[in-house]
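Just so we're on the same page: letters track the sequence lines, and every chain starts at 1. What you see is a predicted model, and the numbers here were worked out from it, not measured in a lab.
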Amino acid sequence: MFRLFKSQRLRKSSDFEKFRSKDTRNVYAEIFVLKSFKRVAVGVSFHDLTPRIGIITSRKIGNAVTRNRVRRVVREAFRLNLKCFKQSHDYLFIALLGIGTKSNKEITNAVLNAAKLL
RNA sequence: UGAUUUUGUAAGAAUGUGUUCGUUCAUGUGAAAUAUCAUGGAAGGAAAGUCCGGACUCCCCAUGGCAGGAUUCCGCGUGAAAACGCGGGCAUGGAACCCAUAUGUCCCAUGACGGAACAGUGCAACAGAAAGAUACCGCCAUUUGGUAAGGGUGAAAUGGUGAGGUAAGAGCUCACCGGCGAGUUAGUAAUAAUGUCGCGCAGGGCAAACCCAAUUCGGUGCAAGACGAAAUAGGGAGUUGGGUAGCCAGCCCAAUAACUCCGGGUUCGUCGCACCUCGAAAGAGGAAUUUUGCAAAACUUUGCAAAAUUAGAUAAAUGAACACAUCAUCAUUCGAUGACACAGAAUCCGGCUUACUACAAAAUCAUCCC
RNA sequence: GGAGAGAUGACAGAGUGGCCUAUUGUGCAGCACUGGAAAUGCUGUGUGCUAGCAAUGGCACCGAGGGUUCGAAUCCCUCUCUCUCCG
């Protein structure tokens with residue numbers, strides 16, 4: 001049960017726009033911001049109830065190699081620790097400037113600690 | 001021995017093996033692959049910068065002129081073109097040798113290296129009398145003037161030395177040196193040489209200033225462009241021919257219309273697009289790259305055969321964890337950290353430029369030893 | 001992904017190859033004016049190296065590095081960064 005489907009990622013601009021309009025619960029860490037809100041469920045199947053995540057890595061945090069690494073590490077943390085994230089919630093991960101110097105384990109632990117606070 | 005620079009090489013291939021969990025594409029099975037299925041593929045030399053050139057796309061054709069852009073020593077070769085390679089010439093800089101104030105020989109590096117009489121315009125601050133044509137001091141004459149030998153300025157000042165000559169001077173005249181043009185010689189040419197002829201030599205610099213000459217370029221860039229679905233309002237204002245490349249011609253369409261702007265709706269998908277062609281498909285044929293073998297030529301090329309390979313995402317895949325081995329750093333007992341530089345395909349291909357690792361060679365510099 | 005524009009003092013914005021570290025406005029600091037402020041007027045206003053006891057000077061810097069030129073903020077090339085546009 002560790003697969004990551006396309007339905008578990010935010011893939012449309014409208015999904016990201018909702019984070020601006022709605023009231024979100026936020027966690028501000030040193031190297032990233034994590035936002036979440038409970039979305040309106042359409043159905044009752046697995047793909048309608050699963051938590052979803054979107055990752056934003058702007059050009060300011062580093063070059064393309066750094067940005068790819070951060071995306072992969074955060075996605076692995078989400079995939080392997082799905083229990084830490086609430087059902088039918090959308091999550092938005094925004095990477096900040098200092099994240100390029102952190103190791104993979106540091107980023108993973110920081111993401112899981114933040115998810116528990118939400 | 002070290003540093004720097006240049007050139008070349010590396011398919012610059014996760015450090016290697018194994019286990020577990022995943023991502024994406026193709027094919028198969030299947031009613032359905034977003035059912036937790038099977039098999040196979042999946043990041044570079046620069047994927048980067050977007051500086052050039054193409055393929056391809058649409059603009060009715062892409063035809064002529066103007067405007068505008070690009071290129072620029074000569075020869076040969078490769079290439080579709082940009083560009084690259086080899087050789088030569090010229091200029092600048094450096095080292096060595098020779099000679100002594102010059103010049104020459106040879107080697108290395110760099111060069112956007114056409115044209116400044118035979119087209120024309122422009123620029124040159126400050127200083128200086130004067131910067132393209134001049135007389136401040138000085139010299140001579142003394143009525144008007146003549147004079148660039150001496151002075152000082154500047155990045156740049158009318159070729160240099162000597163003699164004659166003169167009122168004083170001056171290529172004004174002569175000798176030697178230098179220069180320019182023609183001829184001759186050598187060379188395919190750029191260009192070079194010159195006991196030949198001519199010119200006293202009134203014109204130097206900047207074309208990465210305008211420009212001229214020769215060659216060359218239509219615009220547009222895959223967010224090009226084609227199709228489907230959904231949504232919406234036959235809305236409002238303006239222009240009068242419109243379309244087509246900045247303008248003109250030419251060409252095409254139209255007067256029942258066309259175009260521009262404002263406002264409103266949508267914010268999805270498929271193709272283009274993954275080596276090419278043919279085919280409904282199975283498959284067939286061909287291309288490129290790599291490896292291996294054989295043969296020829298002669299030292300890295302050609303031919304033949306066999307095998308393997310050919311990335312295709314779209315909030316954007318190519319990854320993560322653990323164990324063992326190896327290597328590096330720290331600690332020097334246990335052990336800890338890491339897998340190392342630059343860096344991530346976005347329609348495709350060929351160059352250029354920039355970033356950077358290892359190895360090899362050459363040059364220069366420094367240090368040590370003999 | 002593609003196309004285009006730009007970078008000058010703390011900020012904004014000018015600037016024919018030479019007189020240009022460079023003008024103007026805003027801001028900031030000081031002084032004058034006022035009982036006190038505002039407005040107004042005057043003066044000053046960056047960084048680095050360097051000479052000098054000091055006052056006061058000299059040199060370099062117009063995003064960075066090269067080139068052309070006697071001379072570059074300006075012309076040319078290569079990088080860095082910022083911004084705009086597209087279906």
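For the P atom pair drawn from B:U215 and B:U92, the interatomic distance equals 32 Å after rounding to whole Å. Between B:A112 and B:A207, the distance separating the two P atoms is 14 Å to the nearest Å. A distance of about 13 Å separates the P atoms of B:C340 and B:G319, rounded to the whole Å. B:U314 and B:A274: their C1' atoms are spaced 15 Å apart (whole Å). One C1' atom belongs to B:C348, the other to B:A282, and the distance between them is 30 Å to the nearest Å. Across the C1' atoms, C:A7 and C:U74 are found 14 Å apart, a figure rounded to whole Å. Remark: the separation of the P atoms in C:U80 and B:U353 is 16 Å, to the nearest Å. Comparing B:A341 with B:G269, their P atoms are spaced 38 Å from each other, to the whole Å.
Close to B:U314, at under 4.0 Å from its OP1 or OP2, lies a side-chain N or O of A:Arg11. At least one side-chain nitrogen or oxygen of A:Arg75 sits closer than 4.0 Å to the OP1 or OP2 atom of B:U318. Taking 4.0 angstrom as the limit, A:Lys105 places a side-chain polar atom (N or O) nearer than this to OP1 or OP2 of B:C322.
Under the 3.5 Å distance criterion, the side-chain polar atoms of A:Asn109 are left unmatched by any main-chain donor or acceptor of A:Leu112.
For the pair A:Arg69 CZ and B:U318 P, the interatomic distance rounds to 14 Å; values are reported in whole Å. What separates CD1 of A:Ile55 from C1' of B:U314 is a distance of 16 Å, to the nearest Å. Look at CZ on A:Arg72: it is 16 Å from P on B:A315, rounded to the nearest Å. Straight-line distance from the CZ atom of A:Phe19 to the P atom of B:A315: 16 Å, rounded to whole Å. Counting to the nearest Å, the C1' atom of B:U314 and the CG atom of A:Asn68 are 14 Å from each other. Remark: P of B:A320 and CG of A:Asn104 are 7 Å apart, rounded to the nearest angstrom. A:Arg59 places its CZ atom 7 Å from the P atom of C:U82, with the value rounded to the nearest Å. Taking atom CZ of residue A:Arg79 and atom C1' of nucleotide B:A320, one finds them 7 Å apart after rounding to whole Å.
Searching all strands for a Watson-Crick or G-U wobble partner of B:U310 with both distances below 3.5 Å returns B:A287. Taking a pair to require two hydrogen-bonding distances under 3.5 Å in either a Watson-Crick or a G-U wobble arrangement, B:C206 pairs with B:G122.
Within the 4.0 angstrom heavy-atom criterion, no nucleotide atom of any strand lies near A:Arg67. A:Arg9 comes within 4.0 angstrom of sugar-phosphate atoms only, judged by non-hydrogen atoms across all strands, and of no base.
Look at A:Asp15 and A:Arg52 and you find a salt bridge, because one of the NZ, NE, NH1 or NH2 atoms lies within 4.0 Å of a carboxylate O, short of that distance.
Residues A:Ala77 and A:Val111 approach most closely at CB-CG1, 4.5 Å, considering heavy atoms.
The distance from atom CD of A:Glu76 to atom OG1 of A:Thr108, rounded to the nearest 0.5 Å, is 8.5 Å. Between the CG atom in A:Leu96 and the OG atom in A:Ser58 there is a gap of 8.5 Å [rounded to 0.5 Å]. Between A:Ile55 atom CD1 and A:Tyr91 atom OH the span is 14.0 Å, to the nearest 0.5 Å. Once rounded to the nearest 0.5 Å, the distance linking CZ of A:Phe19 with CG of A:Asp90 reads 5.0 Å.
Heavy-atom distances to RNA chain B give each of A:Val73 and A:Asn63 a nearest nucleotide, and the one nearer the 5′ end belongs to A:Val73. Comparing A:Ala64 and A:Leu10 against RNA chain B, the residue whose closest nucleotide sits nearer the 5' end is A:Leu10.
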Candidate pair A:Ile107 and A:Val74, rule side chain to side chain contact (heavy atoms under 4.5 Å, CB included), full reasoning: CA-CA 7 Å; A:Ile107 296 171; A:Val74 174; 4.2 Å; yes
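Listed by first residue number, the stems of RNA chain C with at least three Watson-Crick or G-U pairs below 3.5 Å are C:1-7 with C:80-86, C:10-12 with C:24-26, C:27-32 with C:40-45, C:46-51 with C:56-61, C:63-67 with C:75-79.
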